[in-house]
Amino acid sequence: MKISLLLTCTADLLYPASARACVNVLEAFGVEVAFPRLQTCCGQPWLNTGRLAGARRLALHFLDVFEEAETIVAISSSCADTVRNHYAELFPDSPVLRDRFEAVARRTYEFCEFLHLVPGVKEMPAHPHPVRTTYHSSCRTLRGIGLRGVAEEYLEQMFGADFVSLPENETCCGFGGSFSVKLPELSGRLLADKLKNVSATGALQVASLDLSCLTHLSTGAERLGLKKIRFFHLAELMAGALT
Amino acid sequence: MKSSHNFRKASASAVADEVLGAAVGKTADLLFSMRAAAVAAYPGFEELRDWGRSRKMEVSGDLATFVRRFSDRLEAAGGAAHFARDAREAVEIVTNIARGLGAVAAVKSKSMTAEEISLNEALPEAGVTVTETDLGEFIIQLAGEKPSHIVAPAIHKDRAQVAALFHETLGSAPGLDVGDLVRVARKALRERFLAADIGITGANFAIAETGTIAIVTNEGNGRLTSALPAVQIAIVGIDKIIPKLSDLPGFLRLLTRSATGQAVSSYVTVITGPRRQGEEEGPSELHVVLLDNGRSPLASGPFREMLHCLHCGACLNSCPVYRAVGGHAYESVYPGPMGDVLSPLLWGMDVYADLPDACTLCGRCAEVCPMRIPLPEYHRKLRVLRAGLKGEAAAWKAEAPAILTQHPLLYRTALGIMRRVLSLGRRLPDGIRTGLPGAWTVCRELPHPREGPDFRSWWEKRKSCHE
Ligand code: SF4
């Protein structure tokens with residue numbers, strides 16, 4: 001089985017370790033990983049600010065790079081959501097392009113969703129360093145990809161009783177793309193509420209499938225002086241359990 | 001209405017108000033969880049949502065015909081239909097009726113449509129005192145404020161604040177509990193009901209087939225307002241129309257479960273025409289003011305489904321932004337997700353330019369909206385509309401980085417530079433924290449790239465080792 005990795009610009013810029021972990025975990029389950037080098041960004045910053053000309057450019061570039069790929073696996077939920085649920089509608093006047101985007105959307109997965117659905121990974125080994133861990137289920141994972149309960153189950157297998165679910169786990173963390181810089185005071189309030197819930201679990205690790213949320217949460221925790229809590233892509237914890 | 005609204009400023013001061021946040025959060029949570037329980041207890045709810053949407057699609061697909069049908073049937077039943085193109089016309093119609101009657105006192109049951117046309121400000125000028133009879137609205141009126149939620153208008157006040165308000169304005173004992181506060185309000189209101197010349201109501205549904213209006217309340221004030229005074233005036237947005245009387249039960253199920261988690265509200269008042277000969281109660285005149293105020297054009301545009309809104313408030317209760325700031329920060333009658341969309345559409349993008357940004361696109365509102373209105377999508381569409389209004393220069397400024405990003409080599413170079421700049425972390429000069437980084441660091445530190453080689457170099461190296 002072969003997949004093409006959608007690195008995402010966030011991982012490209014900030015989270016090489018998350019991307020490496022994704023590759024290692026996929027390979028551990030017998031998946032062959034290709035990395036199309038010409039990929040850039042999926043175009044969300046333009047899509048979310050109503051700049052459709054820019055969004056179309058990057059959608060078309062994505063198509064150039066990934067159309068031949070058998071299966072595409074994205075490291076971050078919001079990028080998978082963009083490809084799956086927003087590209088085709090950018091081209092309402094071109095049925096041909098719409099069809100091509102819809103076809104590529106059907107072959108695109110978020111990382112954890114892919115493990116669950118395609119190789120059908122049922123069991124994660126116990127993690128050698130059990131630490132109290134919680135999970136931030138991002139809005140795009142929940143309501144864009146439609147993945148509920150899967151990451152939590154893997155985490156439970158890895159961390160047993162040390163996995164604690166987050167109170168109000170379906171509530172937005174306040175990142176929201178352009179929202180985070182257009183309304184930073186409000187974004188900060190939602191962030192603080194989310195981190196309060198994290199602290200209440202006593203967790204020292206937070207896992208997520210969305211790197212933008214992780215950036216927002218980790219830099220917010222740093223500002224609030226929550227030094228003990230660390231933030232990881234789920235793949236990093238899986239990679240730790242698998243070695 | 002404000003000439004230019006600044007949501008960042010309004011929301012920043014709202015999030016600093018802890019009492020407000022706690023009060024709104026508590027009630028919104030309660031309404032949200034009651035809705036969830038009520039929906040879970042009703043197995044056919046998802047199908048009911050589809051049904052409701054399809055019925056409303058029928059109406060929004062041929063709105064003018066349905067409006068005409070409603071007004072014809074209303075007149076056939078002895079009521080008077082009035083058409084108001086905008087708020088000014090609607091106010092004029094109401095004040096003319098009041099003047100014609102020589103009215104001096106009106107009671108009013110809760111109506112967001114009346115708020116939309118600022119009726120409470122206009123009636124005193126025509127010599128008519130207005131008393132709000134919904135408990136929440138009564139509190140708001142005493143406080144000289146505006147409602148901050150379309151279903152629970154006083155959501156931003158806690159019990160202690162209401163007790164203090166009643167003590168000051170009605171002379172009740174200080175520190176009363178909820179039960180006693182209700183008793184005080186009821187006593188004050190009873191006298192007003194009996195003295196009123198006019199009863200002003202809204203309507204939750206207007207049934208085209210029969211010219212009937214239906215009013216949903218939990219306090220019975222809607223029924224008293226429509227039954228005691230000699231004349232009833234109902235202010236009804238033309239979006240409230242549903243096709244048939246037989247549709248009413250389905251829509252009531254959707255509305256009450258979504259609004260308050262009730263299987264049915266305490267009162268549903270169904271009115272077809274004024275009092276007929278031989279009948280013992282009801283007003284002798286029934287006027288229905290059908291308000292357009294920017295609604296008709298929506299029917300043929302990209303935001304058509306906004307006309308399907310039941311004003312249930314579920315999207316407000318589910319919205320992280322609304323819950324954090326409450327309703328007043330929106331500076332509109334319609335707050336929360338439905339208001340983010342409606343306010344710029346009804347009053348202009350120039351007035352409410354930043355409300356489409358008051359949304360993280362988290363998608364929770366779309367999950368709960370009984371009419372399946374694609375609210376997040378509508379926020380995005382409004383952003384597109386707004387971008388289109390900003391002109392060529394701004395469009396280029398936005399597109400230039402997309403052109404760069406589309407080019408793999410330029411993209412990688414730019415990313416490399418950013419990575420190096422960000423790795424400087426705390427050693428970065430403070431001057432760099434303006435613009436985007438400045439906004440980011442209002443509540444966060446700048447991100448720093450994780451240790452180790454960047455992914456691309458790692459990948460290349462690994463590949464060459466494998467080969
Ligand atoms: S948009 Fe939907 S959820 Fe919001 S008030 Fe209207 S009907 Fe209710």
Side-chain angles (χ1 to χ4, degrees), chain A residues 7 9 11-20 23 35 37-41 43 45-55 57-58 60-61 139-140 142-144 170-172 174-193 215-216 218-220 222-223, chain B residues 7-8 11-12 14-16 21 320-321 324-325 354 356-364 366-367 380-388 395 398-399 401-403 405-408 411-412 415 418-419 422 436 439-456 458-459:
Chain A
L7 175 62
C9 63
D12 208 348
L13 177 66
L14 297 172
Y15 297 101
S18 307
R20 289 198 296 270
V23 172
F35 175 64
R37 294 174 55 237
L38 297 180
Q39 61 179 291
T40 62
C41 157
W46 291 270
L47 189 69
N48 292 348
T49 50
R51 295 295 180 181
L52 295 192
R57 273 182 187 283
L58 291 162
L60 288 170
H61 179 68
C139 299
R140 300 296 191 89
L142 284 168
R143 288 173 281 264
E170 298 226 346
T171 302
C172 178
F175 172 66
S178 57
F179 181 88
S180 66
V181 282
K182 287 200 166 180
L183 298 164
E185 295 80 9
L186 185 48
S187 178
R189 161 70 193 272
L190 302 178
L191 170 67
D193 288 350
T215 309
H216 169 72
S218 60
T219 56
E222 199 182 332
R223 170 61 60 88
Chain B
F7 189 70
R8 178 168 174 189
S11 64
V15 295
V321 172
V325 302
D354 51 5
D357 292 327
C359 169
T360 64
L361 302 173
C362 81
R364 237 180 166 184
E367 273 189 336
R380 287 177 192 272
K381 275 190 189 172
L382 282 168
R383 295 178 191 182
V384 174
L385 260 185
R386 186 184 54 191
E399 199 172 346
I403 295 172
T405 307
Q406 190 189 16
H407 195 291
Y411 160 82
R412 286 205 300 269
L415 217 66
M418 272 172 78
R419 195 181 295 122
L422 287 173
L436 222 60
W440 178 264
T441 52
V442 163
C443 60
R444 294 154 288 227
E445 297 301 324
L446 284 175
H448 22 84
R450 291 270 194 88
E451 61 292 334
D454 71 275
F455 179 79
R456 287 170 191 265
W458 175 79
W459 179 265

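Order of the sequence lines sets the chain letters (A, B, ...), proteins ahead of strands, with each chain counted from 1. Predicted model only: the values in this text are computed from it and were never measured.
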Derivation of the salt bridge (charged side-chain N to carboxylate O under 4.0 Å, His left out) call for B:D354 and B:R386: CA-CA 9 Å; B:D354 51 5; B:R386 186 184 54 191; over 6 Å; no
Heavy-atom distances under 4.5 Å only: say whether [X] touches chain A with side chain, backbone, both or neither.
X	result
B:W440	both
B:S11	side chain
B:L385	neither
B:P401	both
B:A14	neither

Per-residue contact mode, A:L52 against chain B (heavy atom under 4.5 angstrom):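 A:L52 touches chain B through side-chain heavy atoms alone.
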Proximity breakdown for A:L13 and chain B, heavy-atom pairs closer than 4.5 Å: both
B:R8, B:R380, B:R383 screened by salt bridge (charged side-chain N to carboxylate O under 4.0 Å, His left out) with B:D357, the one that passes: B:R383
Interface residue of largest heavy-atom contact number with chain B, from A:R140, A:E185, A:H61, A:R143, under 4.5 Å: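 Between A:R140, A:E185, A:H61, A:R143, the count favours A:R143.
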Top contributor to chain A contacts, counting heavy-atom pairs under 4.5 Å, from B:P447, B:A366, B:G21: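 The residue among B:P447, B:A366, B:G21 with the greatest pair count is B:P447.
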Test side chain to side chain donor-acceptor pair (under 3.5 Å) applied to A:R223 and B:T441, step by step: CA-CA 9 Å; A:R223 170 61 60 88; B:T441 52; 4.9 Å; no
Derivation of the side-chain contact (heavy atoms from CB on, under 4.5 Å) call for B:L415 and B:Y411: CA-CA 6 Å; B:L415 217 66; B:Y411 160 82; 3.4 Å; yes
Test log, rule side chain to side chain donor-acceptor pair (under 3.5 Å), inputs B:R444 and A:S218: CA-CA 8 Å; B:R444 294 154 288 227; A:S218 60; over 6 Å; no
Ring centre gap for B:F455 and A:Y15 strictly below 6.0 Å: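 Ring centres of A:Y15 and B:F455 not closer than 6.0 Å.
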